[in-house]
Undergrad: 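First the structure, which I've put down as structure tokens, then a few questions once you've had a look.
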Amino acid sequence: MSSDFNNRPSGWNFDNSYARLPQDLFTASAPVPVRDPQLVIFNSSLAEEMGLDAEVLDGNIGATLFGGNEIPEGARPIAQAYAGHQFGHFTMLGDGRAILLGEHRTPEGRRLDVQLKGSGRTVYSRGGDGRATLGPMLREYVISEAMHALGIPTTRSLAVVTTGEQVQRQEILPGAVLTRIAASHIRVGTFEYATRLEDLELLRALAEHTRQRHFPGLSESPAPHLDMLRAIIDRQASLIAKWLQVGFIHGVMNTDNMALSGETIDYGPCAFLDTYDTHTVFSSIDHQGRYAYGNQPQIAQWNLARLAETLLPLLDTDPDVALSLAKGAIEEFPSLFRAHWLAGMRAKLGLFNEHPEDEKLIGDLLSWMQNHQADFTNTFRSLDPAVCQDDHLMDWHQRWKIRLGEQSQSAASAIKLMRTSSPSVIARNHKVEEALEAAVIHGNFGPVKTLLQILSDPYSDNQEAEAYRVPSPLGRGAYQTFCGT
Ligand code: AMP
Ligand code: MG
């Protein structure tokens, strides 16, 4: 370790509880040093939130650390093992190009995973090179931070470092490492892996760890594993409802990309809708539309069923009882999802209370949007009880106004609720591409930083954001995204 590094402590406070779990769940493994680490983006405000010294880290020390060339004191780097159903097919996986440095405790006592993504080969790399390229790492940084600003649970991004190495993809691209911060990296696929080891005590240890970490309130429960399953299901129902409400399409909801903490994880081929169409798919490899916008709730439920299967031996010693408990929990997903979704959609329409006709009112607006190829974000943002934006929407607008009049809250508070539930700016595909191109091709990080700035305040009517509100000229179908490479 360099003296420079040791002389300037940066506030790290590691306590690595996952590395104390049974060893079959991970492999001790250090990041592979890179040739010439350069810190190109650093999230000072997140660093400060974490209790780190942002000034110390924003420079060569950060480059060395976030490139994986130095290990911070107290870290215990590991690659985590996991499995996953990818497009429905089971595979053994694991961190093939990521290293968990450890768990940093913030001054408030939060426990956060610090992970380097793109940090070199591990025992789980299979045929891969263990590396990541600049464009996709910047993309994850931008979209995860945009999701956070929208108020959606997500992993965060602390830094992107370029490696000074070239990475061979379809073309040769600059290498990069992303530092990802997460409540944990425990996935549905982590439990799928643990189950395959056929060691009940190991499975129990993982379940206990997950419960203590993410659901500490359940420690007194007489049926802690069932209650944890139900709590995980509810968090996912809430999360997917939030995605739909901002037009987010994850793009690759494999079971290894679903975090039990309830955070959005793994920003590969994700993108936001422009025109509203529930069939929208941007991912180049999702030929069947498995992960289309409107399919996300069903896929979440399918993934959760895979999780429930892994927990069966912990739910009851009688397999029939265990199965019926698990089934009961999974069958609750649609109604939980519907409740979260309705609550969020009511807010988007300025509705504070509930009415049996609300679902139809919401559904009719969405059908109109689908039929008229309306822009999802801009339609919601420009809804105004005083002005009907389109002749064909007159009848709906009239019904909405009557419904608003039936609640006791003022028109002003309804508008305020709407403005805090429907963003004025999202990460539009063409704006993201433009910014990434400037960075990757021209080495100009200005546009990425401007984009991050705009997306950090998505519910205000900022004048400077005007150009970021225009729907993608690429149009639907023309835009394609790729799995994180
Ligand atoms: P993802 O599609 O990013 O969720 O990755 C799926 C699996 O492939 C994970 O186990 C990754 O660690 C692994 N993987 C992806 N890219 C690489 C790479 N370049 N080298 C090694 N493993 C990789
Ligand atoms: Mg993944």
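Below, each value reflects all heavy atoms present in this structure, side chains not excepted, and no hydrogens, waters or symmetry copies. The first residue of the sequence shown is numbered 1, and numbering continues consecutively from there. Whatever order the structure lists them in is the order used to number ligands and atoms, beginning at 1.
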Undergrad: Can you list the atoms of ligand 1 that are under 4.0 Å from a heavy atom of Asp256?
TA: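 Within the 4.0 Å cut-off of Asp256, ligand 1 contributes 4 (O).
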Undergrad: Which atoms of ligand 1 sit under 4.0 Å from any heavy atom of Arg169?
TA: 19 (N)
Undergrad: Tell me if the CD atom of Gln298 is crowded by more than 12 foreign heavy atoms within 6.0 Å.
TA: yes
Undergrad: Is any NZ, NE, NH1 or NH2 atom of the basic residue among Asp256 and Arg306 found under 4.0 Å from an Asp or Glu carboxylate oxygen of the other?
TA: no
Undergrad: At less than 2.8 Å, would any N/O/S atom of Asn254, backbone or side chain, sit next to the Mg ion (ligand 2)?
TA: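 Within the cut-off used here (under 2.8 Å), Asn254 places no N, O or S atom near the Mg ion (ligand 2).
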Undergrad: Quick check with a 6.0 Å cut-off and a 45 degree axis cone: is Arg196 positioned over the face of Phe191's six-membered ring?
TA: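 Relative to the ring axis of Phe191, which defines the angle, Arg196 lies outside at least one limit.
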Undergrad: Should one rank Arg126, Arg187, Gln86, Gln80 by closest heavy-atom distance to atom 13 (C) of ligand 1, which comes out on top?
TA: Arg126
Undergrad: Give the numbers and elements of all ligand 1 atoms closer than 4.0 Å to a heavy atom of Gly94.
TA: 9 (C), 10 (O), 12 (O)
Undergrad: Measure from the side-chain N and O atoms of Tyr459 to the backbone N and O of Leu150, and report whether any donor-acceptor pair falls under 3.5 Å.
TA: yes
Undergrad: Distance to the ring centre below 6.0 angstrom and angle to the axis at most 45 degrees; does that hold for Arg105 and Trp12?
TA: no
Undergrad: Within the 4.0 Å heavy-atom shell around Arg131, which atoms of ligand 1 are there?
TA: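 Answer, ordered by atom number: 19 (N).
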Undergrad: With a 6.0 Å cut-off (strictly less than), is the heavy-atom count around CZ of Arg230, excluding the residue itself, greater than 12?
TA: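 Not buried by this count: 12 neighbours or fewer within 6.0 Å.
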Undergrad: Of all N, O or S atoms in Asp266, which has the smallest distance to the Mg ion (ligand 2)?
TA: OD2
Undergrad: Heavy-atom count around Arg338 CZ within 6.0 Å, excluding the residue itself: above 12?
TA: no
Undergrad: Enumerate the atoms of ligand 1 whose separation from the nearest heavy atom of Asp266 is less than 4.0 angstrom.
TA: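 Those qualifying, in numeric order: 3 (O), 4 (O).
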Undergrad: Under a 4.0 angstrom heavy-atom cut-off, which atoms of ligand 1 come close to Gly128?
TA: 20 (N), 21 (C)
Undergrad: For ligand 1, which atoms have a heavy atom of Gly130 less than 4.0 angstrom away?
TA: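 Here the atoms of ligand 1 in question are 18 (C), 19 (N), 20 (N), 21 (C).
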Undergrad: Do any heavy atoms of Tyr82 fall under 4.0 Å from ligand 1?
TA: yes
Undergrad: Under 4.0 Å from any heavy atom of Asn257, which atoms of ligand 1 are there?
TA: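 Matching atoms, with element in brackets: 4 (O).
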Undergrad: Counting only heavy atoms from other residues, nucleotides and ligands, does the tally under 6.0 Å from CD of Gln168 exceed 12?
TA: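 Result for CD/Gln168: enclosed.
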